[in-house]
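After the structure tokens below, expect a handful of questions from me.
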2 protein chains.
Amino acid sequence: MNSRQLQVFVAVAEVGNFTKAARSLNIVQPAVSNTIKKLEEELQMSLFMRKDKSVSLTTEGKVLLKNARIILGQFKKAELEMVELRQMERGEVRLGVTNTLGMYYFPKVIEAFKQRHPNLNFSVQVFGMRKIEQLIEEDQLDMGVVMLENMPNNMTGRHFLTDEIVACASVLHPLAQHETITYKKFIREPLLVFTGGAVQRELIEKTCKAENIDSNVIFETNLIPLIKNLVSAGHGVTSFLRPVIEGDPRFKGISFNPPIIFDFAIAWKKSCHLSMANQAFVDFLIDYEKQKKNTNQ
Amino acid sequence: MNSRQLQVFVAVAEVGNFTKAARSLNIVQPAVSNTIKKLEEELQMSLFMRKDKSVSLTTEGKVLLKNARIILGQFKKAELEMVELRQMERGEVRLGVTNTLGMYYFPKVIEAFKQRHPNLNFSVQVFGMRKIEQLIEEDQLDMGVVMLENMPNNMTGRHFLTDEIVACASVLHPLAQHETITYKKFIREPLLVFTGGAVQRELIEKTCKAENIDSNVIFETNLIPLIKNLVSAGHGVTSFLRPVIEGDPRFKGISFNPPIIFDFAIAWKKSCHLSMANQAFVDFLIDYEKQKKNTNQ
DNA sequence: TAGACTTACGGGGACCGTAACAATC
DNA sequence: GATTGTTACGGTCCCCGTAAGTCTA
């Protein structure tokens, strides 16, 4: 007993006529005869009473019909679900992002993606980069933002964004006169440090150690607006990705010399297959950046 | 997507290994590879992550697995129901019998049949023969007992029993001395008539009319024991199928001259297919009589 | 004679088995 | 080298289409 046999059987049962059933199935009538005959032989019972000009179900046929309808319905439902998955009308994306990118980069991208695939469930959460790597490892996230150059070797991913870290001071601050600044000079300033992601903090520590000086951190927070307010009020300087202060007249962004460039990648466990929804988001992300680059040129 | 593909898919999903799945399906491993590949191509999505030494389900695979289990379960259930129907572990027999046969013939047969097919639902009801024909016509009975020689032509059936109608008198009655009696002489006796089935009553009417005499019916009832009591007490004579009085020392059964033989058939609507349960009972009935005849010889 | 189902026969595709290959430990 | 999955090839069986046959109105 297979699905094709049931399909033919139901067609015949519904129209009570082999010829019409064949037409509705787009096959010839003898094919229907054969299929039904095979099915009857397999079940060792007759399913239809052959009367002149029409056929009708036997008692056994009626029992089979009930089951056949359920089975075919279930097939249809399963196939539909698969199509929905394929067409991104179902599924889930669980993404971990850094605080900065979560505030200044992803909202626009995700909004555009959501518009394309409105029925996907989307979970975006902000974590530090180390935490993102850990949660991906623990399968609590599907993917996340990591630094391209130090991607864990049990993970794989794709580079999607390059951005510059700049020193950030109030436009009234003496530093605002400079166009570039060395990192060594920068860390001697009173520093307001964003501690959400450990990366910039690590950069400071490393440089201090290399220069053999103590860092001059006067304030730590993971609230970007708070840092911006304090910097704006002239309490110190900080470093941000350039987009954070771009367009904000209160701040001057000063490139480091040599410049500090971050390459961001979206990454996932190497051993783990991305669901179609996640894969679609990655593709979308790469494509989004390519489009943006083309437009800017 | 067909049932075979799902069967293979579930097998692989359950053991997480193509080779073992192939073994459990009693096919070779490349066959499994091919089937899964076809399925993946058809659904346009990958269902398994191929890792070293084992495979595991993708997100989409998990969704399919849930559906596949339901579908295969439904198949199993349907096949089981068909087997049960075939093996007479389900189904219903709705049989109409005459009063006499219901009391003196069918109990033993039905008991034997019940023993063979204990899970069949059985409905046996006593009606007059005309009523049986009517109820079959109305589809309220599947089959019933009718006279072979006047089976309605919209019905068909099989002869299963031949029995003799005999005059029945108390052993103390003067008629008990006779070995035969003509029907003409019989109807001049004071008659106790069994009115459950109209057949014997009709026979009396017909003969009276032919002989141009009034019938001498002094009592009518459809209670066989009551008639037997009255006959036993010498209040009159009656006619019965021979088995009714066989072995009862109070009565003498006197063959008519010429003998009156009834051929009983079990019959059903010609246009209507007998369910396997009913068919089985018919076969059983014929076989039962054949066995009995062989034993007696 | 027309309409409906059955039977017989041939072709194409699906599935399975064999065998050789690739990859990982 | 052993185990696991993939690819290629050939054979068999199933299903479909064509054509002829049977039955009934």
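Numbers restart at 1 for each chain; the letters A, B, ... are given by sequence-line order, proteins then strands.
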Roughly, in whole Å, what's the span from CD1 in I36(A) to P in dC14(D)?
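Atom-to-atom, I36(A) to dC14(D), this comes out as 17 Å.
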Taking only side-chain N and O atoms of S33(A), does any of them lie within less than 4.0 angstrom of OP1 or OP2 on dC5(C)?
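No.
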Would you say a side-chain N or O of T35(A) is under 4.0 Å from OP1 or OP2 of dC16(D)?
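So the side-chain polar atoms of T35(A) do come within 4.0 Å of the phosphate oxygens OP1 or OP2 of dC16(D), strictly under.
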Using the rule given for side-chain contact (heavy atoms from CB on, under 4.5 Å), can you reason through L274(B) versus T58(A), listing the C-alpha separation, both sets of side-chain angles and the distance that settles it, and then say yes or no?
CA-CA 8 Å; L274(B) 278 188; T58(A) 63; over 6 Å; no
Taking OP1 and OP2 of dA14(C), is either one under 4.0 Å from a side-chain nitrogen or oxygen of R4(B)?
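Answer is no, no contact under 4.0 Å.
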Measure from CG on N2(A) to P on dC15(C) and round the result to the nearest Å.
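Going from N2(A) (CG) to dC15(C) (P), I get 11 Å.
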Check against ring-ring contact (aromatic ring centres under 6.0 Å, His included), F281(B) and F122(B):
CA-CA 10 Å; F281(B) 181 72; F122(B) 223 105; 5.3 Å; yes
In the structure I gave you, are the side-chain heavy atoms of M1(A) and F75(B) within less than 4.5 Å of one another anywhere?
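SC-SC contact between M1(A) and F75(B) confirmed.
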Report yes if at least one side-chain N or O of K37(B) is closer than 4.0 Å to OP1 or OP2 of dG5(D); otherwise report no.
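No, outside the criterion.
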Is any side-chain nitrogen or oxygen of K38(B) closer than 4.0 Å to OP1 or OP2 of dC15(C)?
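It does, given that an N or O in the side chain of K38(B) lies less than 4.0 Å from OP1 or OP2 of dC15(C).
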Residue-phosphate contact under 4.0 Å: N17(B) side-chain N/O, dG5(D) OP1/OP2:
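For N17(B), the contact criterion (side-chain N or O under 4.0 Å from OP1 or OP2 of dG5(D)) is met.
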If I take atom CZ in residue R23(A) and atom P in nucleotide dG17(D), what distance separates them, rounded to the nearest angstrom?
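Value for this atom pair: 14 Å.
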Verify whether the ring centers belonging to F48(A) and F9(A) lie closer than 6.0 Å.
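Under 6.0 Å, so yes.
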Taking the six-membered ring for Trp, are F160(B) and Y105(B) parallel (under 30°), tilted (30 to 60°) or perpendicular (over 60°)?
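Geometry flag for Y105(B) against F160(B): tilted rings.
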Nearest-angstrom distance from the residue atom CD of E40(A) to P of dC5(C)
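The answer, rounded to whole Å, is 13 Å.
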What integer distance in Å separates L25(A):CG from dG17(D):C1'?
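After rounding, the gap between these two atoms is 15 Å.
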Give one of base, sugar-phosphate or nothing for T19(B), where a contact means two heavy atoms less than 4.0 Å apart.
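Sugar-phosphate, no base atom in range.
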Could you check Q29(A) against F18(B) and say which one's nearest nucleotide on DNA chain D is further toward the 5' end?
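By nearest-heavy-atom nucleotide position, the 5'-most residue is F18(B).
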Starting from P on dA4(C), measure out to CZ on F48(A) and report it in whole angstrom.
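About 16 Å, once rounded to whole Å.
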Rounded to the Å, how far apart are K20(A) NZ and dC5(C) C1'?
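The distance from NZ of K20(A) to C1' of dC5(C) comes to 14 Å, rounded to the nearest Å.
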Could you give the CD-to-C1' distance, from E41(A) to dC14(D), as a whole number of Å?
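Computing the E41(A):CD to dC14(D):C1' distance gives 13 Å.
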So, is R50(A) close to the dT24(D) phosphate, meaning a side-chain N or O under 4.0 Å from OP1 or OP2?
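So the side-chain polar atoms of R50(A) never come under 4.0 Å of the phosphate oxygens OP1 or OP2 of dT24(D).
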Please determine if a side-chain N or O atom of N34(B) lies less than 4.0 Å away from the OP1 or OP2 oxygen of dA8(D).
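No, N34(B) has no side-chain N/O under 4.0 Å of OP1/OP2 on dA8(D).
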